[in-house]
Amino acid sequence: MNKQQLIAGNWKMNGSLEANDALVRALVAGMAGAQCTAAVCVPAAYLAQVQMLKSGSALELGAQDVSQHVQGAYTGEVSAPMLREFGVRYAIVGHSERRQYHGETDALVAEKAKTALAHGITPIVCVGETLAEREAGRTEEVVKRQMAAIIHVNGHCISEICVAYEPVWAIGTGRTATPEQAQQVHALLRKQLAAATPHAERVHILYGGSMNAANAAGLLAQRDIDGGLVGGASLKAADFLQIIASARAA
Ligand code: PEP
């Protein structure tokens with residue numbers, strides 16, 4: 001299905017009031033006429049600032065995580081209704097850094113996706129294998145297991161999510177999956193989704209892992225790659241705009 005691609009930047013724990021101001025102004029100015037949907041997933045502390053800076057533009061706002069709870073005694077957590085108050089449209093869930101450093105399990109990630117959906121936020125659910133898992137020939141088993149948990153908990157709403165295939169060995173390493181390697185995994189994720197919903201073609205399956213201005217076009221040309229989740233390169237306006245320019249229109 002030919003759908004408009006989605007390019008989402010993941011700033012991770014980077015930024016400052018001053019740096020964000022320059023970056024978002026440059027993005028807003030540079031993306032006029034962009035053919036794809038573009039979003040920046042910013043640290044929670046900067047949501048209000050970026051909401052204001054991007055207002056009136058087509059740039060969408062995203063968060064990097066969301067609590068599975070809606071409110072209450074959960075110190076440090078940020079809820080989906082809170083994110084909505086700042087105009088957040090997307091929330092990354094299950095990023096490998098959260099799985100790795102914060103012990104997030106497949107089941108927790110699935111619950112977070114469910115809570116986001118229930119409050120009008122599209123979860124960008126990350127799946128991906130480590131280098132050891134790839135080298136052991138376990139890529140398919142690992143991503144299918146991660147995806148199965150999401151499908152199990154989200155049932156018929158599954159076509160409303162967005163998936164990001166992010167091989168852990170490619171994140172922040174400068175080592176990108178080849179377009180063919182990525183397409184292979186995207187196709188199997190699509191097949192798994194198709195077994196759960198008649199609307200699998202609608203689901204955006206993004207690629208993430210050292211996507212940059214030079215390699216984006218090749219990755220984004222693949223049949224089942226519907227956009228990108230971009231870390232490091234999303235912090236440089238010129239690079240992120242180049243990736244946006246490489247994306248497909250509907
Ligand atoms: C990410 O953090 O989601 C990511 C893909 O990072 P990078 O592009 O820097 O590899």
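We count ligands from 1, going down the list as the structure has it; atoms in each ligand are counted the same way. Because the structure is a prediction, the values reported are computed rather than measured. What's counted below: heavy atoms across the whole structure, side chains too, no hydrogens, waters or symmetry copies.
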Atoms of ligand 1 less than 4.0 Å from [X] heavy atoms?
X      : result
Lys12  : 1 (C), 2 (O), 6 (O)
Ser210 : 7 (P), 8 (O), 10 (O)
Gly209 : 5 (C), 10 (O)
Gly172 : 7 (P), 9 (O), 10 (O)
Asn10  : 1 (C), 2 (O), 3 (O)
Gly232 : 7 (P), 8 (O), 9 (O)
Ala170 : 10 (O)

Give the residue, atom name and distance (to 0.1 Å) of the protein heavy atom nearest [atom].
atom                   : answer
atom 8 (O) of ligand 1 : Gly231 N, 2.8 Å
atom 1 (C) of ligand 1 : His95 NE2, 3.2 Å
atom 3 (O) of ligand 1 : Glu166 OE2, 2.7 Å

Less than 3.5 Å apart, any donor N or O on the side chain of [X] or [Y] sitting next to an acceptor on the other?
X      : Y      : result
Tyr74  : Gln68  : no
Asp106 : Gln146 : no
Gln64  : Trp11  : no
Arg98  : His95  : no
Asn20  : Gln49  : yes
Thr37  : Gln4   : yes

Exercise. Are Val93 and Leu6 connected in a single hydrophobic cluster, I mean Ile/Leu/Val/Met/Phe/Trp/Tyr linked by side-chain heavy atoms less than 4.5 Å apart?
Worked result: no
